Undergrad: 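One structure follows; several queries about it will come next.
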Amino acid sequence: MSSQSPARTAPARRGVLAALARLGWVLLALAGVACLLLVVVTPLDLRAQILLGAGVFAAALLLGWSSEGSVVTLALVLVSLTVSTRYLFWRLTATLLPERTLESGLGYVLFGAELYAYAMLLLGYLQLLGRFPRKPQPLPADVASWPTVDVFIPTYSEPLEVVRTTVLAAKALDWPAEKLRIFLLDDGRRGAFQSFAAAAGIGYIVRSDNAHAKAGNLNHALTKTRGDYIAIFDCDHVPTRSFLQVCMGWFLKDPRMALVQTPHHFYSPDPFERNLGLFKKLPSEGELFYGLIQPSIDLWNASFFCGSCAVIKRAALEEVGGIAIETVTEDAHTALKMHRKGWNSAFLSIPQASGLATESLAAHVGQRIRWSRGMAQIFRLDNPLFGRGLTIMQRVSYAAAMLHFFYGLPRIIFLIAPISYPLFGLHIYNALPLMALAYALPHLAHSVLTNSRVAGAVRHSFWNEVYETCLAFYILIPTTVALIAPRRGKFNVTAKGGRITDPYFEMKIAGPYLVIAALNLISMIIGVVHYLHGEAEPDVLALTLGWSAYNLVILCATVAVAWEQRQVRDSPRVNAQLPAMLALQGGRTMRCKTIDLARGGLSLTVPAGREFTPKERMSVSIFTAADELPLPAEVVDCRGNVLRLRFLALSLEEEAVLAQTIFSRADAWVRWTDGRAHDHPISAFHSITMRGLSNVRQMVRARPARSAGAATATPAPPPSSVPPPAASTPRPPDAPRGTL
Amino acid sequence: MPTMNDDVRKLFESIGSPELEYREVAAGERWQAAAQRWPILAQTNRLIQERRQVQIPRETTQRSRTGRCTTIAVVSLAGGTGRSTIAANLAATLGQNGRAVVAADLDPQNALGLHFGLEGGESFGLFSANLAPQEVALWLARFRSAAAVLPFGPLTGAQIAGLEAASAREPQWLQKRLAAFVPNETEFLVLDTPARASPWLKQALTLADTVLVVLGPDAAGYATLPATEALLDEWVPGGQGRRRARYLVNKFDARRALDRDVLSSLRGVIPERTFARAIHADEVVSESLARRRLVVREGPESQVVAELSALAEWVEVTAAEMRKASPLPLVSVGSR
Ligand SMILES: Nc1ncnc2c1ncn2[C@@H]1O[C@H](COP(=O)(O)OP(=O)(O)OP(=O)(O)O)[C@@H](O)[C@H]1O
Ligand SMILES: [Mg+2]
């Protein structure tokens, strides 16, 4: 804002005005912050605090109800932060005892857990400040100028059928043939895979050992190929044909772009969705990360590689020495290294590939153990908060992603804390119960309300608790070990593409939570007994019991996930209404529409009144952007106007057409969320309670045939180390705390 | 390069960027590979592309029309490709869509009427004799709901030779003939034509707003493409013939590799003027004729019927476009 011109010209005056205006804004912001600080630190008596809490909450409700706009969202985030900070400040200054007793020691532990939750809330809000959907960039009109791309499909132990689909769809990627090479990187060194690759006309790369698992596999392939860019798909992630044209524009627009990542979309139910019967009714566990966190941190140039469904620039990858091998989450670590070297990354929130979700709860837990250990390793070995090359927001974003995985201990503390008073008579929370309620309730209520607004489309309220509780016990030790000895431990793999033939109860996973639930239950009973004998302070007891009851609800829902349901199909069906045609024996045709499609067969709506006999043969054409190729099939059955067909032996060409029909359509996944209910905290809590209750009923009725092993799950390879489905905004323990 | 397909359009709309561009690279490569697999296809494509280099000056001669209706001539230089079937059922489909349609048979085989349930023995015909207007009106009234058909008429060889001589002398011969038969309120006039080049085929091509060229899914059909375009260029002044030509593959069976490649190649080499889907081979078509019924009645749930309605829609849209784009002042002859 320099006005050197001697005559005070109009632009110069305008410049001064602008500077003044800016100064005004800064002053206003400072004044605002000062006000908020005042709100945070001013102590109030019980009555005033209740009035303040209720008043602010009512105002927030009204404000939220009045508009969907982002200014209001920002205001609500600010309010939530202020209220939570006020709670934490009060907690710090008014409820902690300086003495060195067991009681006060436990009090500090609980406070520590709350502090962690508060920090994650803060980080979550901070990350979400800059949401904007990044759009694909146009490619140059001259196709001859497009860069060369190598597609890597790493595999280790997955079944061939899973890999075939991915390879055949990758071959249909809409990119000039002479600029596209596809490679199957087979760490299993299997003959059948080699001959399939030869038949499909793609490259096949093997190495003599399996050092560094998937990262080593990719790095080895890097030395054998020459494309300018590398697209990586885990062997179950099937790309749409438009994947490259959607992704590649950003590289041409920004010469420092190193990575374009797209979401991991799953067309089969994960263990939560399958075992609780929630498939497609609720956002999947990963949607918070891919639908909200990645797009948000993308604004800070901090979106990171998730191991699959991404394109990386070879030059950038070579500059950091290839895929990182120091940790078991090589993907996030590689991205971190590239960011440190000043490369950029982009996240496009457009599902352009789809894969199989983990097939069993045990596999899910195993996968998350790896992620959490890997992130903890990076935190120790290459901490994003320190070292060169990162912007502040990149540091914050990476740190948040990593710290997220340390929720194990805090969550277990919250689950166990309320038993301390009824069972042991310990007061680990030194405040009057009503006062604690008056401070804590607004803090919890605002965070639920604000999270539902910000993230309700990708994660329903309270489900975070269930997802995290389920893993808390299992990630606790790996993360701790990784913090102490980051170089220990090896890569485990996520099983995919198998099936569960008989339902069973996964005792291995549920065990610890059954114990914690039992503790809470016993504590409640004993508390009531104490009360009946007049031995307990009623208000403290009431709070403890309420807290335990909340824990029980979450624990019951968590344990319910351990009832592994049958997974009937080898290849999950994908819904798609596509025009199709039957060529019947005798030479007639019939116009129809598909309902769903799978590798083995499909169902169609046919005109009513036509009879079909089982085993009747025909060929079926499904019309997509590709050229028509009829597939031989036979009738399974026909009910009403729904005809189900099974495919007969398909040639490789026919198999490719089928794979492309199901998976290659550019719009295959755009209507996925259709028909899903909106989040509402109360109904979400109700639904969790109901799942928990029906679980209790099931536990009482059935003698669970304990153990896994009933699963004929196929082992799997070094899968994508997908990053944290980070709970962007993990909340503090959701229960009132009294003087316990 | 083929234009952006529906799936990509839907994707781009879903992310709020319908303006994004997409290149159907793979589809472009597919049709060239298809043509390379069969020498005749590759060679024919070369001839078509060479013809395209020949610039024909746009001419401003006045073109006349029959009434105010849109005329569609269904032609092919090879016999038996399904001209009559397409003409009859296209007319019927347009009629079902609520249009006033007349199908006229210009082929001495006099077979078009059979599709509409005529017996072939009727003495009524476009070319049989001079008829009084009341007689024509009475005839057309037979087809209340569906499209009306004007059969060629049962003619002897000598009579046909006479007609040929007459039409060779008088360039407006066919037009006058039609004007006497086609009522004013007609919206679509569909002409079934003979495979043989003749003066009145030339007049039909000149008359038509859309020339629908029917091809069999085979080498013989494909190889007629350059000759067809040459004929259109020669007979219809000002390059209008080529511009008005639309191509359609009939009796398509995707289980056969050659069928697939013929369609793919045709769509690739003449993308904007080829009906993308083809009409599938279906027994219901020949069975309908054997029952003297229209396919749209005989097998409403067949693929062919769905394709015929897509074809009718395509024809309506292109005809409308062509009328808009036509720089020629239209001379309406009208019915008398
Ligand atoms: N889509 C189709 N599927 C099956 N058969 C068909 C199809 N189209 C036409 N046909 C059959 O092909 C034969 C020839 O059809 P059509 O008479 O319509 O052809 P055309 O070109 O008019 O023949 P011509 O050159 O003799 O006039 C008929 O038996 C007809 O039923
Ligand atoms: Mg005919």
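Just so it is clear, the structure is predicted and the values come from calculations on it, not from any experiment. The sequence lines fix the lettering, A, B, ..., with proteins before strands; numbering per chain opens at 1.
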Undergrad: Counting only heavy atoms closer than 4.5 Å, note whether A:E653 contacts chain B via side chain, backbone, both or neither.
TA: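 The side chain, not the backbone.
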
Undergrad: Quick one: what part of A:P607 sits under 4.5 Å from any heavy atom of chain B, side chain, backbone, both or neither?
TA: side chain

Undergrad: Can you tell which part of A:S349 gets under 4.5 Å to a heavy atom of chain B, answering side chain, backbone, both or neither?
TA: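 For A:S349, neither part sits under 4.5 Å from chain B.
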
Undergrad: By a 4.5 Å heavy-atom criterion (distance strictly below it), what part of A:A580 contacts chain B: side chain, backbone, both, or neither?
TA: backbone

Undergrad: Pick one of side chain, backbone, both or neither for A:W175, based on which atoms fall under 4.5 Å of a heavy atom in chain B.
TA: backbone

Undergrad: Where along residues 286-295 of chain B does a heavy atom come under 4.5 Å of chain A, listed by residue number?
TA: B:E287, B:R291

Undergrad: Please examine the side chains of B:F12 and A:V246, heavy atoms only from C-beta on, and report whether any two atoms are closer than 4.5 Å.
TA: yes

Undergrad: If you look at every heavy atom in A:A625 and B:R30, which pair is closest and at what distance?
TA: O-NH2, 3.9 Å

Undergrad: Please look at A:S621 and chain B and tell me whether the side chain, the backbone, both or neither of the residue comes under 4.5 angstrom of a heavy atom of that chain.
TA: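 Contact with chain B: none, neither part.
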
Undergrad: Does the side chain of B:S14 reach to within under 4.5 Å of the side chain of A:D667, using non-hydrogen atoms?
TA: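 When only atoms from C-beta onward are counted, A:D667 and B:S14 do not touch, as no gap falls below 4.5 Å.
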
Undergrad: Can you measure from CZ (B:R260) to CG (A:D627) and round to the nearest 0.5 angstrom?
TA: 9.0 Å

Undergrad: Does anything in residues 303-315 of chain B get under 4.5 Å of chain A by heavy atoms, and if so which residues?
TA: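 B:Q303, B:V304, B:A306 fall under the 4.5 Å cut-off.
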
Undergrad: Let's go through A:E178 and B:E29 carefully: what are the C-alpha distance in whole Å and the side-chain angles of both, what is the deciding distance for side chain to side chain contact (heavy atoms under 4.5 Å, CB included) to 0.1 Å, and is it a yes or a no?
TA: CA-CA 10 Å; A:E178 75 279 5; B:E29 286 168 353; 4.0 Å; yes

Undergrad: Measure A:R241 against the heavy atoms of chain B and call it side chain, backbone, both or neither at under 4.5 Å.
TA: both

Undergrad: With side chains defined as the heavy atoms from C-beta onward, is the minimum distance between A:R610 and B:E301 less than 4.5 Å?
TA: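 A side-chain contact under 4.5 Å is absent here.
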
Undergrad: Is chain A contacted by the side chain of B:A281, its backbone, both, or neither, given a heavy-atom distance below 4.5 Å?
TA: backbone

Undergrad: Evaluate side chain to side chain contact (heavy atoms under 4.5 Å, CB included) for B:V25 paired with A:Q245, printing each intermediate quantity in order.
TA: CA-CA 10 Å; B:V25 183; A:Q245 289 198 43; 3.8 Å; yes

Undergrad: Identify the heavy atoms of A:P136 and B:I15 that sit nearest to each other, and give their distance.
TA: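 The answer is CD-CD1, 3.8 Å.
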
Undergrad: Tell me, do B:L263 and A:E628 make a side-chain contact under 4.5 Å, heavy atoms counted?
TA: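 Contact flag for B:L263/A:E628 side chains = no.
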
Undergrad: As a quick check of understanding, evaluate side chain to side chain contact (heavy atoms under 4.5 Å, CB included) for B:L11 and A:S242, giving each step before the final call.
TA: CA-CA 9 Å; B:L11 171 73; A:S242 46; 3.9 Å; yes

Undergrad: Please round to the nearest 0.5 Å and tell me the distance separating atom CD of B:E283 and atom OG1 of A:T589.
TA: 10.5 Å

Undergrad: Any idea which of A:D174, A:V670, A:L631, A:L584 has the most non-hydrogen atom pairs under 4.5 angstrom with chain B?
TA: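 Option with the top pair count is A:D174.
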
